[in-house]
Amino acid sequence: MAAANGSACGGGGVDKEKEEFKQIYGVLKEELLRDPAFEFTDSSRQWIDRMLDYNVPGGKCNRGLSVVDSYKLLKGTNVLSQEEMFLASTLGWCVEWLQAYFLVLDDIMDDSHTRRGQPCWFRVPQVGSIAINDGVILRNHITRMLRLHFRGKLYYADLLDLFNEVEFKTASGQLLDLITTHEGEKDLNKYNIGVHRRIVQYKTSYYSFYLPVACALLLSGEDLTKYGAVEDILVKMGIYFQVQDDYLDCYGDPKFIGKIGTDIEDYKCSWLVVQALEHADESQKSVLFENYGKKDPACVAKVKSLYRELNLEAVFLDYENESYKKLIADIEAQPSIAVQNVLKSFLHKIYKRQK
């Protein structure tokens, strides 16, 4: 991924939509740096400026751009007015700010070293534990942006409620992940498909898949309470996306996906290990128990050999095909063609992806 201090939203070949989206980041940042609620010093303003550029715009911006794309599909237009583009992009950047907040704190909890091709923020000289407070500031920036640009809207309270709900679900999913894979308490008996589904649903699905569409629905004047079925579909899509991620961690080409998978070494509650536990006999399970979660390349090789023995590639392909059929059926049962288009757009971006 592109470094945060390089070109935002995925780097070269940025199309017009991404360019417009990126420009709105600059506007929002300048507003936050002039927030009248705090008496900034030069050094604190410089710190926030650098912290934002380092952590917020450096990824692919898929979640943020999905708000804009979904809003266009709901409105049935390829072009938005300047105000519509600004409001949709602002909500998109609120999602990206939420992502940055999660990642800054997640990297501290995981004791990670790199993020998006550069050192994690807390590992930057002079940052250290200040990164915890920076995470809190990132989260608070969302409510500042919403207050500034949406306070007069009928759906303002719904927006605040939406971000609060999604944050709570994501933090709860992170807790479940942390205590399930806790160092020093390794026990594969705790891993099963229900545990995996719950971690993924809460840690990833809500903020990555449901939140962007929910923002677009609110911006379109819709009542989210009428879209429970849409929420369910997007959550299922998020689970399917994470299962793909778990599969690619082991079977993807590192040159193509941009990273070397470490789920086996990191003792992750991966979909693959859960499937292995379900399909393995007692002697095969003993291989898993002896080798899973160890950094030794020989141990990793034994786990991968067992995956091949159990033909987990075929198990995944069956899962992928079944998931796609079910999702398409659920999507086509939705009464609104515009909503169907939004959901199909999401699904077709991830179906059969290779990275």
Side-chain angles (χ1 to χ4, degrees), residues 99 102-103 105-113 115 166 168-210 235-252 257 259-282 284-297 299-320 322-323 350 353:
Q99 159 88 335
F102 289 144
L103 296 184
L105 297 184
D106 196 47
D107 286 341
I108 298 168
M109 287 182 271
D110 290 347
D111 199 29
S112 299
H113 288 268
R115 169 73 65 184
V166 168
F168 173 69
K169 289 178 190 295
T170 308
S172 299
Q174 171 74 345
L175 172 67
L176 187 59
D177 191 19
L178 290 167
I179 63 176
T180 303
T181 61
H182 200 279
E183 276 294 324
E185 296 176 19
K186 291 182 176 177
D187 181 6
L188 281 179
N189 289 311
K190 292 192 290 187
Y191 288 4
N192 58 59
I193 200 66
V195 169
H196 179 269
R197 191 266 311 156
R198 196 175 285 113
I199 290 172
V200 172
Q201 174 176 335
Y202 289 98
K203 187 179 173 181
T204 303
S205 288
Y206 283 102
Y207 93 91
S208 295
F209 284 80
Y210 174 62
V235 166
K236 286 175 188 168
M237 221 181 283
I239 293 168
Y240 161 60
F241 178 85
Q242 186 59 51
V243 171
Q244 286 178 310
D245 234 36
D246 291 353
Y247 173 81
L248 291 169
D249 184 89
C250 181
Y251 291 102
I257 63 175
K259 64 177 182 178
I260 297 168
T262 58
D263 282 0
I264 295 170
E265 295 95 318
D266 295 342
Y267 201 73
K268 290 287 184 184
C269 184
S270 160
W271 184 83
L272 289 171
V273 77
V274 165
Q275 293 301 318
L277 289 164
E278 274 195 16
H279 289 83
D281 60 29
E282 289 308 311
Q284 290 169 324
K285 280 183 183 175
S286 68
V287 172
L288 268 182
F289 275 78
E290 285 166 24
N291 295 284
Y292 198 76
K294 292 182 178 171
K295 308 287 184 190
D296 183 347
C299 296
V300 175
K302 285 179 186 175
V303 173
K304 288 189 175 182
S305 175
L306 179 60
Y307 286 175
R308 284 193 296 274
E309 199 177 307
L310 295 169
N311 203 8
L312 293 190
E313 281 191 80
V315 175
F316 169 75
L317 291 174
D318 285 345
Y319 166 85
E320 183 166 55
E322 279 303 304
S323 295
I350 63 172
R353 70 188 176 97

Exercise: identify the closest heavy-atom pair between [X] and [Y]:
X: Tyr191; Y: Lys268; value: CE2-O, 3.6 Å
X: Lys203; Y: Thr170; value: O-CG2, 3.4 Å
X: Gly238; Y: Val200; value: O-CG1, 4.0 Å
X: Leu277; Y: Lys285; value: O-CE, 3.2 Å
X: Lys302; Y: Val287; value: O-CG1, 4.3 Å

If I take atom [atom1] from residue [X] and atom [atom2] from residue [Y], how far apart are they, to the nearest 0.5 angstrom?
X: Ser270; Y: Asp249; atom1: OG; atom2: CG; result: 7.0 Å
X: Tyr319; Y: Gln244; atom1: OH; atom2: CD; result: 8.0 Å
X: Ile108; Y: Leu103; atom1: CD1; atom2: CG; result: 11.0 Å
X: Asp245; Y: Tyr240; atom1: CG; atom2: OH; result: 11.5 Å
X: Gln242; Y: Ser205; atom1: CD; atom2: OG; result: 8.5 Å
X: Phe102; Y: Thr204; atom1: CZ; atom2: OG1; result: 10.0 Å

With Asn291 via side chain to side chain donor-acceptor pair (under 3.5 Å) - residues at least two apart: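 Not a single residue meets the side chain to side chain donor-acceptor pair (under 3.5 Å) criterion with Asn291.
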Side chain to side chain donor-acceptor pair (under 3.5 Å) partners for Thr262, two or more places apart: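 Thr262: side chain to side chain donor-acceptor pair (under 3.5 Å) contacts with Asp266.
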Sequence-distant partners of [X], side chain to side chain contact (heavy atoms under 4.5 Å, CB included), two or more places apart:
X: Ser286; value: Glu290
X: Asn192; value: Val195
X: Tyr202; value: Lys169, Arg198, Tyr206
X: Asp318; value: none

Summary of side chain to side chain donor-acceptor pair (under 3.5 Å) pairs that have at least one residue in residues 303-314, sequence neighbours excluded: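 Non-adjacent pairs meeting side chain to side chain donor-acceptor pair (under 3.5 Å): Tyr247-Glu313, Gln284-Glu309.
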Can you sort out the partners of [X] under salt bridge (Lys or Arg N to Asp or Glu O under 4.0 Å), two or more places apart, ordered by chain and number?
X: Lys236; answer: Asp330
X: Glu278; answer: none
X: Asp296; answer: none
X: Asp263; answer: none

Whether over 12 other heavy atoms sit under 6.0 Å from Phe289 CZ: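 More than 12 heavy atoms, drawn from other residues, nucleotides or ligands, come within 6.0 Å of this atom.
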Tell me, do [X] and [Y] make a side-chain contact under 4.5 Å, heavy atoms counted?
X: Leu178; Y: Asp110; value: yes
X: Val300; Y: Lys295; value: no
X: Tyr251; Y: Leu272; value: yes

Stepwise side chain to side chain contact (heavy atoms under 4.5 Å, CB included) test for Ile264 and Lys294: CA-CA 7 Å; Ile264 295 170; Lys294 292 182 178 171; over 6 Å; no
Asp246 versus His196, side-chain donor and acceptor atoms under 3.5 Å: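 The criterion, which ignores hydrogens and geometry beyond distance, is satisfied for Asp246 and His196.
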Tyr292: ring pair (Phe, Tyr, Trp, His ring centres under 6.0 Å) partners, not counting sequence neighbours: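 Once residues adjacent in sequence are excluded, the partners of Tyr292 under the ring pair (Phe, Tyr, Trp, His ring centres under 6.0 Å) criterion are Tyr267.
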Verdict with reasoning, Val315 to Leu310, per side chain to side chain contact (heavy atoms under 4.5 Å, CB included): CA-CA 9 Å; Val315 175; Leu310 295 169; over 6 Å; no
